[in-house]
Student: 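This structure is in structure tokens; I'll ask about it shortly.
Fair warning: this is a prediction, and the values are worked out from it, not measured in the lab. Numbers for residues simply follow the sequence, beginning at 1.
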Amino acid sequence: MITLGEYMSFIFKEITRARQYADATSIDIAKSYAKDDLLKHFSIPRFKIPEMELTVPVLIADVNYDNEYLYSITDVEFINKFNNELDRSFNGVFKDRDGLKHSENELLMDLYKIISNIVLSKSIDSYDDMLKQVTTMLEQKLDAIITKILSDNGVLKEYETRFPKKQHYIDLIEKFKKFVLFNIKIGKSTLTNLLINPETSIINESANEMSIFQIKAKITEEGIFVNSMKDQNGKEIFSVNFE
């Protein structure tokens with residue numbers, strides 16, 4: 001795959017190179033005409049295209065974006081949601097103890113800041129990569145936070161004895177993770193590159209109305225004159241003028 005800019009640039013370069021070859025051929029012909037007593041009276045054949053129109057089909061293969069993401073929950077909402085999910089997940093386990101005390105708000109605040117930094121980072125390549133990093137961080141940190149809350153409430157060993165597979169951990173983390181990921185939004189997308197596949201056979205086989213488009217370009221020939229002159233210090237300088 002190549003970018004659309006690279007593809008069109010190559011086409012324009014090839015057209016320019018074709019004109020270069022044609023002019024070089026005209027020079028060679030001019031030299032041979034000058035040596036012939038009869039041909040020297042004839043005008044020099046020169047190939048010229050005042051204007052050219054191109055229609056080029058291209059198959060869209062992929063697009064590249066720069067995305068800016070938004071984290072649409074506050075630190076207070078983040079902490080309150082976790083504590084609500086904590087109560088919901090462990091309510092039936094420790095109902096005789098009037099629930100669990102929410103003792104780790106500071107750790108939750110630190111986790112909120114870490115997630116915010118990941119979401120707002122401009123160094124992450126893709127949306128999926130950013131969500132993967134957030135998910136990994138939530139799973140790592142929340143497990144430790146839940147363990148500390150149970151320990152601070154004096155029920156960790158009891159819980160691990162009754163529930164060695166930690167099913168309440170899993171339930172809480174999954175629900176809270178869904179809440180956090182739902183509140184990560186794409187705020188702005190900027191198209192950086194349009195990648196195409198210019199192979200004719202693939203265009204014929206794989207093209208459809210959604211994946212192919214026609215590039216129509218009009219190229220107008222323009223004469224260029226390069227003039228040289230010397231400045232007051234005797235240095236040769238050049239100027240470019242157009243027809």
Student: For the CE atom of M109 and the CD1 atom of I114, what is their distance to the nearest 0.5 Å?
Tutor: 12.5 Å

Student: Taking C-beta and beyond as the side chain, do Y112 and I79 meet within less than 4.5 Å on heavy atoms?
Tutor: no

Student: So, H168 versus Y159: side-chain donor-acceptor pair below 3.5 Å or not?
Tutor: yes

Student: Locate the shortest heavy-atom distance separating I115 from V180; write the atom from each residue and the value.
Tutor: CG2-CG1, 4.3 Å

Student: Decide whether T147 and Y169 meet the rule of one side-chain donor and one side-chain acceptor closer than 3.5 Å.
Tutor: yes

Student: Under a plain distance cut-off of 3.5 Å, with no hydrogens placed, do E6 and T3 share a side-chain donor-acceptor pair?
Tutor: yes

Student: Would you compute the distance between atom CE of M137 and atom CG of N117 and round it to the nearest 0.5 angstrom?
Tutor: 10.0 Å

Student: Between F82 and F179, does the ring centroid distance fall short of 6.0 Å?
Tutor: no

Student: Under the criterion side chain to side chain contact (heavy atoms under 4.5 Å, CB included), I'd like the reasoning laid out for F10 against I2: C-alpha separation, chi angles, the key distance, then a yes or no.
Tutor: CA-CA 11 Å; F10 178 78; I2 61 174; over 6 Å; no

Student: Return the CD to OG1 distance between Q20 and T25, rounded to the nearest 0.5 Å.
Tutor: 10.5 Å

Student: Is the shortest distance from a Lys or Arg side-chain nitrogen in K81 or E85 to a carboxylate oxygen in the other one below 4.0 Å?
Tutor: yes

Student: Quick one: pull up NZ in K166 and CG in L150 and give me the separation to the nearest 0.5 Å.
Tutor: 9.0 Å

Student: How far does OG of S32 sit from NZ of K40, to the nearest 0.5 angstrom?
Tutor: 13.5 Å

Student: What are the two closest non-hydrogen atoms of P45 and S26, and how far apart are they?
Tutor: O-OG, 3.1 Å

Student: Would you sort out whether I145 and L108 count as a side chain to side chain contact (heavy atoms under 4.5 Å, CB included), showing the intermediate values?
Tutor: CA-CA 8 Å; I145 290 173; L108 288 169; 3.9 Å; yes

Student: Counting only heavy atoms from other residues, nucleotides and ligands, does the tally under 6.0 Å from NZ of K141 exceed 12?
Tutor: no

Student: Heavy-atom count around F163 CZ within 6.0 Å, excluding the residue itself: above 12?
Tutor: yes

Student: Taking only Lys NZ, Arg NE, NH1 and NH2, and the carboxylate oxygens of Asp or Glu, determine whether R162 and E158 approach each other closer than 4.0 Å.
Tutor: yes

Student: If we only count heavy atoms from C-beta on, is the L142 to L111 side-chain gap below 4.5 Å?
Tutor: yes

Student: Looking at D152 and K148, is any side-chain nitrogen of the basic one under 4.0 Å from a carboxylate oxygen of the acidic one?
Tutor: yes

Student: Could you walk me through whether E174 and K177 satisfy the side chain to side chain contact (heavy atoms under 4.5 Å, CB included) test, starting with their C-alpha distance in whole Å, then the side-chain angles of each, then the deciding distance to 0.1 Å, before giving a yes or no?
Tutor: CA-CA 5 Å; E174 284 303 311; K177 188 167 62 179; 2.9 Å; yes

Student: Around E106, counting heavy atoms of other residues, nucleotides and ligands shown, do more than 12 lie under 6.0 Å from its CD?
Tutor: no

Student: I want to check something: taking the side chain as every heavy atom from C-beta on, are R17 and Y21 in contact at a cut-off of under 4.5 Å?
Tutor: yes

Student: State plainly whether one hydrophobic cluster holds both I44 and F42, where clusters connect Ile, Leu, Val, Met, Phe, Trp and Tyr through side-chain heavy atoms under 4.5 angstrom apart.
Tutor: yes

Student: Could you measure the distance from the CG atom of L172 to the OG atom of S89? Nearest 0.5 Å is fine.
Tutor: 4.0 Å

Student: Check the pair K175 / D171 against salt bridge (Lys or Arg N to Asp or Glu O under 4.0 Å), numbers first and verdict last.
Tutor: CA-CA 6 Å; K175 288 183 178 179; D171 177 65; 3.7 Å; yes

Student: Which atom pair, heavy atoms only, marks the closest approach of F90 to I146?
Tutor: CZ-CG2, 3.9 Å

Student: Applying side-chain contact (heavy atoms from CB on, under 4.5 Å) between I149 and each of L107, V155, L86, report the one that passes.
Tutor: L86

Student: Are any of the side-chain nitrogens in E160 or K157 under 4.0 Å away from the carboxylate oxygens of its partner?
Tutor: no

Student: Can you get from V76 to V119 by hopping between Ile, Leu, Val, Met, Phe, Trp and Tyr side chains that sit under 4.5 Å apart?
Tutor: no

Student: Compare all side-chain heavy atoms of D128 with those of K132 and state whether any distance is below 4.5 angstrom.
Tutor: no

Student: On the ring face of F182, is K185 found with NZ or CZ under 6.0 Å from the centre and within 45° of the axis?
Tutor: yes

Student: Would a single hydrophobic cluster contain both I186 and I184, if residues Ile, Leu, Val, Met, Phe, Trp and Tyr are joined by side-chain heavy-atom contacts under 4.5 Å?
Tutor: yes

Student: Side-chain contact, heavy-atom cut-off 4.5 Å: I29 with L39?
Tutor: no

Student: Which pair of heavy atoms, one from L120 and one from Y69, lies closest together, and at what distance?
Tutor: CD2-O, 3.5 Å

Student: So, for D87 and L100, which heavy atoms are closest and what is the spacing to 0.1 Å?
Tutor: OD1-O, 4.3 Å

Student: Yes or no on side chain to side chain contact (heavy atoms under 4.5 Å, CB included) for L131 and L181, after CA distance, side-chain angles and deciding distance?
Tutor: CA-CA 7 Å; L131 293 184; L181 297 181; 3.9 Å; yes

